[in-house]
Novice: 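Pasting a structure here, questions to come.
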Amino acid sequence: MRRLPHSGFRVLLAGAEMGFAVLGTVPILLVATGATARSQDLFIWELAGAAGGDGFGRSVARAGDVDGDGIPDIVVGAPQGPTAPGYARVYSGASGALLLTLTGAAAGDRFGWSVSSAGDVDGDGSDDVIVGAPSSTVPTFGIGYARVVSGATGSTLLTLAGNTTFEEFGFAVAGMGDVDGDATPDVAVGAPNAWNGTGCDSGEVRLHSGASGASLYTISGAGTALGYSVASAGDLDGDSVPDVIVGAPLTPVPAPGCNGWSGAAFLYSGATGSPLLGIGPFVGAGDSFLGGCVGPAGDVNGDGTADLFVGSAAPAGSPVVWACSGIDGTLLSIFSMSGSLGLSTINQDFSVADLGDVDGDGLPDAAIAVPGFCATSCGTTIGTCCGNVAVVSFASSNPIGGFLSSSSDVFTVAAAGDLDGDGRTDLLIGDSEGGLCPVGSATGRVRVVSMLAPRAQLWGFACVSGGTACLPLIGTTGGPPATGNSAFGIRASNVLGGTAVVLVAGATFLSPPIALPFGGCDLLVTPDVLVGATASGTGPGNGSVAVGIPIPAAPALVGQPAYFQWYVVDPGPALLPGALSQMLLLWVL
């Protein structure tokens, strides 16, 4: 047994099928166990689309309580392509079970491009959902529609139709709450290509009655591509009616015309549709696509009024989220996804989700999703594009957790509500070009992440060279990695059932990584402790296993890091066949 020099965790290597680790000065036995309940995992579950090219996860949202069990459910959109209508699925927040499948009317509708909870529109005690289909060609090309659907039965309650060709009504949808005072929640629908005769495609947002579907009012003319994003902002003007925030990311500021845009966002009265605030530009034309995503940010500055977030694709070629005062629109906080999170350029589809207070500092936090960009540094085994999701503190503008995508495009994040009963809002991550098994299936997938352990990050890229080509997933079990938690462990899932797996545990991050001789996969963890086990289940992607890592009640461990990565023996043609998960970095709480 030999002592390995490093800071933080002090690890001693011993044994083959079982290892001993020393945390601080207290020895801990690493024990291979069966998989524990998913409600305790860092990654609660993963969901996959039906077929390659579905775009499953292009939109994700909390669906409200659809099945009446007291736990929020989720809705996922899969807009598919020109030869299919698109679909949306509603899943149980308690178990991940499929509750409803909703399908578009005709091929090419892109039904599922946008999704949201609509509230309980039909008054049956179950929340309903709204789904947008912006590319419908009936009655004219690209007119679009949005459908409000019963969460209890899947039946259509309302179909809201666009007005003109190419306007893409349904590109963005949002449940608004009750804006007209009839005790029934209402909905907002964006049509970013609607033209009001002013030159550029100005865009519109239309508020519709949830009771009848009737138009309540139309917001238009303030910017360009108005309605690309839309969200309920809560009641910011004090009239007891929720207000609406709208993004117009192609607004030409300051230059006139349809080029040279930097974007803007606008806050409107939910009761009347009258303007309350204009937000941006912050750095002139350098903002670039300001308003590509908008939403409520919680009370960032502690003044008792909810604030707002507005996303921008620049400056400096990096995505930026601005937290702005809900009172006067002034800038409160900035977070850029460049630098330590490893991104230098993005495309325009990114999103932000208000998570509430996940780090316990009394102020709201958020998740930011940035789509993939192409660069050779993003991995070679499953493609050269990658995306990034970070959990950030708007109080300090610092990251408090991160989840790198191992496939080509992360499009969306959304707050799921508290699915696992830990008192924190959980996170939905939509990866519309990912695939679970086999690699390259590109069905799209959604990862449901518990904020039970906010001080956690994933690094690197899962990769395979085995015959079944399933990307192994790494997560946690038994609650947070907190001192005194004897139930804590590390979990592998989506692996070949019945095969051997090895947990690589270390106290140091390997930089540069060691490229193992199978498919260019990178080992990112110093192999201080190796724990062997056998995955339960049978068949590709059906296996799982957990290794228990009881953490002693030692205050000196708080804030210490530990690194984990799974190797899965997955027979194939390579010299050393198998698969590696991403690296999981945890800090003791």
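Small disclaimer: the values here were computed from a predicted structure and weren't measured.
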Novice: Take Phe509 and Leu585 through the test side-chain contact (heavy atoms from CB on, under 4.5 Å) and record every step on the way to the result.
Specialist: CA-CA 9 Å; Phe509 171 70; Leu585 166 60; over 6 Å; no
Novice: May I have the step-by-step check of side-chain contact (heavy atoms from CB on, under 4.5 Å) for Val391 and Val449, ending in yes or no?
Specialist: CA-CA 11 Å; Val391 180; Val449 180; over 6 Å; no
Novice: Does either side chain, that of Asp420 or that of Ser450, offer a donor lying less than 3.5 Å from an acceptor on the other one?
Specialist: yes
Novice: Measure the shortest side-chain to side-chain distance between Thr483 and Val588 over non-hydrogen atoms and say whether it is less than 4.5 angstrom.
Specialist: yes
Novice: Backbone N or O of Gly70 within a donor-acceptor pair of the Asp65 side chain at under 3.5 Å?
Specialist: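 Yes, Asp65 side chain to Gly70 backbone: donor-acceptor pair under 3.5 Å.
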Novice: How many angstroms lie between CG in Leu584 and CZ in Arg491, if you round to the nearest 0.5 Å?
Specialist: 13.0 Å
Novice: Under the criterion side-chain contact (heavy atoms from CB on, under 4.5 Å), I'd like the reasoning laid out for Arg89 against Val446: C-alpha separation, chi angles, the key distance, then a yes or no.
Specialist: CA-CA 11 Å; Arg89 290 176 173 174; Val446 172; over 6 Å; no
Novice: Hey, what do you get for CG (Leu503) to CD (Gln565), rounding to the nearest 0.5 Å?
Specialist: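 Interatomic distance, Leu503 CG to Gln565 CD, rounded to 0.5 Å: 9.5 Å.
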Novice: Are the side chain of Ser581 and the backbone N or O of Trp566 linked by a donor-acceptor pair below 3.5 Å?
Specialist: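 Between the backbone of Trp566 and the side chain of Ser581 there is a qualifying donor-acceptor contact (under 3.5 Å).
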Novice: Please name the pair of heavy atoms, one in Val115 and one in Val76, separated by the smallest distance, quoted to 0.1 Å.
Specialist: CG1-C, 4.4 Å
Novice: Apply side-chain contact (heavy atoms from CB on, under 4.5 Å) to the pair Leu510 and Tyr563, showing each step before the final yes or no.
Specialist: CA-CA 10 Å; Leu510 287 175; Tyr563 303 83; over 6 Å; no
Novice: Could you pull out the closest heavy-atom pair between Ala61 and Ala414, with the gap in Å?
Specialist: CA-CB, 4.0 Å
Novice: Please name all residues satisfying side-chain hydrogen bond (donor to acceptor under 3.5 Å, both in side chains) with Ser150, sequence neighbours left out, ordered by chain then number.
Specialist: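 Per chain and number, Ser150 pairs via side-chain hydrogen bond (donor to acceptor under 3.5 Å, both in side chains) with Thr153.
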Novice: Roughly how far, to the nearest 0.5 Å, is CE of Met583 from CG of Leu458?
Specialist: 8.5 Å
Novice: Only one of Ile549, Val547, Val531 forms a side chain to side chain contact (heavy atoms under 4.5 Å, CB included) with Phe564, so which one is it?
Specialist: Ile549
Novice: At what distance, to the nearest 0.5 angstrom, does CG of Leu47 lie from CG of Asp431?
Specialist: 12.5 Å
Novice: Find the distance between OG (Ser117) and CD1 (Ile74) and round it off to the nearest 0.5 Å.
Specialist: 13.0 Å
Novice: With no hydrogens and no angle check, is any side-chain donor or acceptor of Thr412 less than 3.5 Å from a backbone partner on Gly57?
Specialist: yes
Novice: Check whether any side-chain N or O of Asn494 sits under 3.5 Å from a backbone N or O of Leu473 as a donor-acceptor pair, and report yes or no.
Specialist: no
Novice: Got Trp45 and Leu419 here, is their nearest side-chain heavy-atom distance under 4.5 Å?
Specialist: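 Touching, per the 4.5 Å side-chain cut-off.
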Novice: Examine distances only and state if a side-chain atom of Asp128 and a backbone atom of Gly151 form a donor-acceptor pair shorter than 3.5 Å.
Specialist: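 Checking the backbone N and O of Gly151 against the side chain of Asp128, a donor-acceptor pair under 3.5 Å is found.
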Novice: Identify the heavy atoms of Ala231 and Gly295 that sit nearest to each other, and give their distance.
Specialist: CB-CA, 4.0 Å
Novice: Can a donor-acceptor pair be found, under 3.5 Å and without considering hydrogens, that links the side chain of Asp54 to the backbone of Gly49?
Specialist: no
Novice: How far does CG of Asp365 sit from CG of Leu427, to the nearest 0.5 angstrom?
Specialist: 12.0 Å
Novice: Checking Ser351 side chain against Val413 main chain: does a donor-acceptor pair fall under 3.5 Å?
Specialist: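 Yes; judged by distance alone, with no hydrogens or angles, the pair exists.
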Novice: Backbone N or O of Gly104 within a donor-acceptor pair of the Arg147 side chain at under 3.5 Å?
Specialist: no
Novice: So does Ser544 get a backbone contact from the side chain of Ser536, meaning a donor-acceptor N/O pair under 3.5 Å?
Specialist: yes
Novice: Donor-acceptor pair, Asp73 side chain versus Asp67 backbone, under 3.5 Å?
Specialist: yes
Novice: Are Val75 and Val66 side-chain neighbours, meaning at least one heavy-atom pair lies under 4.5 Å?
Specialist: no
Novice: Taking the side chain as C-beta and beyond, is there a heavy-atom pair between Leu589 and Val558 under 4.5 Å?
Specialist: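 No; the side chains remain at least 4.5 Å from each other.
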